[in-house]
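Residue indices begin at 1 and follow the sequence shown.
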Amino acid sequence: MARIYFIIISIVALLLTSCGQVGSITGGEKDITAPRIIIDKVQPPMGSTNTFPQEISIPFDEFIELNKPAENIKVTPSDVKLDYVIKKKTLVLTVKEGTWAENTTYTVYLNHAVKDITESNDSIIAYVFSTGNFLDSLQTAVQVNDAYTGKPLEGITVGLYNSPLMDDTSKSEPRYYAATNTEGIATFHNIKDADFYIYAFDDENRNNRLDATEKRAALKGPATLDTAITVGPIIRLMPPKSNALVIVNNDVLPTASWCIGFNRALQSEERFEFLSPFPNHVVWNKRGDSLTAFYETTKKSGAFKAVVHSSELKDTISKKYFFKEELKLNVETNLVNKQLAPNDTLKLSFNEPIQKVDYDKIQMEAIAEGDSLRKPLIFQLDTISPIEIAFVFERTNQEKLFLSIPPDGIAGQNFSLVDSLKLDFTLQGVKETGNMIVEFDTIPEYGILYIENQNTKKKIEVVFDGVEKNSHRIDFLQAGKYNFYYLYDQDRNGKWSTGSIFKDETPEEIIWFTDVSTIRANWDVKTKLSIKKVKPEEAPEIDD
């Protein structure tokens, strides 16, 4: 009996602290307090036992309204569905479907379902009762982190299931469920003694079950239940894995470029076939999982079409577009603060394929060191891609350079330059950049090290062979701070890959380092990163 009394008092205390923030009352300040339940007037009382309520009345200290009650009022275990109505300041719940099971502890969650009328404050409230002689006391917890970033995720549904899920097309709902908090932790209270399997999913359509398109995670093996709340294990939420070819990006950019991305590279038996109007140029990326199609048209609106042929289907896709802005040939350069890096050539990138370059109309001049006059500079034009050209010239002893291209000097497949392009720039000296040596504390497994400039967000990718390489030197880095992360590229496809909770395949691991390296001009910096994996039997002991 003492045990039951202790549990009821604990639950009441928990509910009192979770129903809102308590602040001083002043007439003019904004209401920042969520509605609070009047504990001693709840019927049946909080923590009741031997009750099979057909109606539950929960009175509040102010007038309330409901926020998406069909989604936010849930019962665990989910043996019944509740109807809801507000009578003055009281929320009345009645059994709509199902029946209460005997000797079972139930929790009714009002997950941000109740808010006040004036300021719309809301909170999470739990009402607990038992149809048996006592409240179940076992508990468990799990933390859900994003599989790619490693960061905790809030608002993810975590469910306890009586048996493992075989696929994501069934209508199985969890016996118990909870939502993760700001720290990514979902905690389960008042669980009956049984074995449960834990699955997490981003319940986008709020139907309380895992669907084929939703991100998911799973805990290997049955959950561990206890009478004390623990942080619990960490599971990684990942996108679903599918062998079916799926289009993940479909956009049209000015002037007329159709950009299409797939979830994976096309296989030998798969084809992507354009329909009329047909593009003039098609460029695939090096991984073969995205393309850009360039069209010859000056129209501001229209539609592009294509057919995807695969073993599963033959699907027609289309994309309508409408541009409000003026269409013209735009150009970008790789200059930074009017400087060209010492290991780079001058590049011009356009928003459509270049159809004509009149070499004789392009003028390049330079002022040599110790001189004050501009003199013509001989250059060579190289085509990097249909939309990018490079200027190669002698860099020695050049102090300042000038490039001038008249409107008729370059023509795209749809437009020419509106105005003359005039650039003046200097050549950055080698001593104005820094060098970095990155070294791991051991030879890492095969993967990719990403080095990112905090300011420009430009990334450098370095592949480690997993055999003998544990260091790499990068020269001519711009001054600034750099971050690091390492992808264990198990399938060696050059990008992060997800896993499968049904085939016990984990997503590829990424290590996000807290180390930050600062590059200064004319400095060599050595950065040591710890990537060594400690075996469980070698892990240091930690005192309690």
Side-chain angles (χ1 to χ4, degrees), residues 204 212-214 239-334 347-357 383-390 407-419 421 457 493-498:
E204 296 176 344
T213 59
E214 293 173 342
K241 185 175 184 178
S242 173
N243 289 326
L245 189 64
V246 178
I247 293 175
V248 295
N249 181 59
N250 185 2
D251 293 302
V252 176
L253 305 178
T255 56
S257 306
W258 192 12
C259 304
I260 303 168
F262 304 91
N263 62 321
R264 59 168 174 78
L266 272 67
Q267 299 172 358
S268 58
E269 69 277 8
E270 296 171 332
R271 290 185 296 118
F272 190 84
E273 181 182 14
F274 290 96
L275 302 178
S276 180
F278 299 102
N280 283 29
H281 299 274
V282 178
V283 179
W284 287 83
N285 71 344
K286 63 181 181 180
R287 290 198 299 261
D289 59 6
S290 70
L291 65 87
T292 302
F294 299 96
Y295 290 80
E296 187 173 354
T297 177
T298 57
K299 295 180 179 179
K300 283 193 170 185
S301 62
F304 300 138
K305 294 182 180 181
V307 179
V308 181
H309 299 267
S310 68
S311 57
E312 296 88 6
L313 52 84
K314 179 180 178 182
D315 192 18
T316 300
I317 65 168
S318 63
K319 182 66 177 182
K320 293 182 179 180
Y321 65 92
F322 174 74
F323 301 127
K324 294 182 179 179
E325 66 270 30
E326 178 189 357
L327 297 182
K328 60 182 180 178
L329 182 65
N330 292 328
V331 59
E332 294 182 354
T333 77
N334 59 328
K347 301 183 183 71
L348 303 185
S349 300
F350 300 86
N351 59 334
E352 64 179 37
I354 298 304
Q355 197 171 59
K356 184 190 72 172
V357 177
T383 299
I384 301 174
S385 74
I387 62 169
E388 190 172 26
I389 58 176
D408 57 350
I410 292 181
Q413 67 176 10
N414 299 311
F415 299 93
S416 298
L417 290 174
V418 176
D419 300 309
L421 174 66
K457 302 304 179 183
N493 67 346
K495 63 179 181 179
W496 181 79
S497 299
T498 189

A.B. asks: Taking all heavy atoms of E214 and all of E204, pick out the closest pair and write down the distance.
C.D. replies: OE2-N, 3.1 Å
A.B. asks: W258 and D251: side-chain donor and acceptor closer than 3.5 Å?
C.D. replies: no
A.B. asks: Does any N or O in the side chain of N285 come within less than 3.5 Å of the main-chain N or O of D289, such that one atom is a donor and the other an acceptor?
C.D. replies: yes
A.B. asks: If you round to the nearest 0.5 Å, how far is OG of S290 from CG of N249?
C.D. replies: 8.0 Å
A.B. asks: Of the non-hydrogen atoms in P407 and S416, which two are nearest, and what is the gap between them?
C.D. replies: O-CB, 3.8 Å
A.B. asks: Quick one, L266 and W284 - any side-chain contact, counting heavy atoms below 4.5 Å?
C.D. replies: yes
A.B. asks: If you measure from OG1 on T333 to CG on L348, what distance do you get to the nearest 0.5 Å?
C.D. replies: 7.0 Å
A.B. asks: Would you please say whether a donor-acceptor pair under 3.5 Å links the side chains of H309 and E273?
C.D. replies: yes
A.B. asks: Treating E388 as the side-chain partner and S385 as the backbone partner, does any N or O pair qualify as donor plus acceptor under 3.5 Å?
C.D. replies: no
A.B. asks: Less than 3.5 Å apart, which donor and acceptor atoms pair up between the side chains of residues 293-301 and the rest of the protein, not counting sequence neighbours?
C.D. replies:
from : atom 1 : to   : atom 2 : distance (Å)
E296 : OE1    : N280 : ND2    : 2.8
T297 : OG1    : K299 : N      : 3.2
K300 : NZ     : E325 : O      : 3.3

A.B. asks: Is a side-chain donor or acceptor of N351 paired with a backbone partner of L329 at a separation under 3.5 angstrom?
C.D. replies: no
A.B. asks: Determine whether C259 and L253 make a side-chain contact, defined as any pair of heavy atoms from C-beta on separated by less than 4.5 Å.
C.D. replies: yes
A.B. asks: Can you measure from CG (N330) to OG1 (T255) and round to the nearest 0.5 angstrom?
C.D. replies: 9.0 Å
A.B. asks: With rounding to the nearest 0.5 angstrom, report the CG to OG distance, N250 to S318.
C.D. replies: 8.0 Å
A.B. asks: What pair of heavy atoms forms the shortest contact from F304 to A256, and how long is it?
C.D. replies: CZ-CB, 4.3 Å
A.B. asks: In terms of heavy-atom contacts, does NZ of K457 have more than 12 from other residues, nucleotides or ligands at under 6.0 Å?
C.D. replies: yes
A.B. asks: Report the residues that fulfil side chain to side chain donor-acceptor pair (under 3.5 Å) with E332, sequence neighbours left out, ordered by chain and then residue number.
C.D. replies: none
A.B. asks: Say whether, by atom type as modelled, one donor and one acceptor occur between the side chain of S242 and the main chain of A244 under 3.5 angstrom.
C.D. replies: yes
A.B. asks: Would you mind checking if K356 and D408 are paired as a salt bridge, meaning a charged N to carboxylate O distance below 4.0 Å?
C.D. replies: no
A.B. asks: Please find the pair of heavy atoms, one from A265 and one from E270, that lie closest to each other, and give the distance.
C.D. replies: O-OE1, 4.3 Å
A.B. asks: Looking only at atom types and distance, does a side-chain atom of N334 sit under 3.5 Å from a main-chain N or O of K347, one as donor and one as acceptor?
C.D. replies: yes
A.B. asks: Indicate yes or no: at least one non-hydrogen side-chain atom of K324 is less than 4.5 angstrom from one of F322.
C.D. replies: yes
A.B. asks: Can you check whether L245 reaches V308 side chain to side chain, under 4.5 Å on heavy atoms?
C.D. replies: yes
A.B. asks: Do L327 and N414 come within less than 4.5 Å of each other through their side chains, counting heavy atoms only?
C.D. replies: no
A.B. asks: Can you measure from CZ (F278) to NZ (K305) and round to the nearest 0.5 angstrom?
C.D. replies: 11.5 Å
A.B. asks: State plainly whether the residues K328 and E352 are in salt-bridge range, i.e. N to O under 4.0 Å.
C.D. replies: no
A.B. asks: Are the side chains of V283 and P386 in touch, meaning some heavy atoms are under 4.5 Å apart?
C.D. replies: yes
A.B. asks: Output the distance between atom CD1 (I384) and atom OG (S349), rounded to the nearest 0.5 Å.
C.D. replies: 7.0 Å
A.B. asks: Parallel, tilted or perpendicular: which one describes the rings of F272 and F274, with boundaries at 30° and 60°?
C.D. replies: perpendicular
A.B. asks: Would you say the side chain of I317 lies within less than 4.5 Å of the side chain of I247, judging by non-hydrogen atoms?
C.D. replies: yes
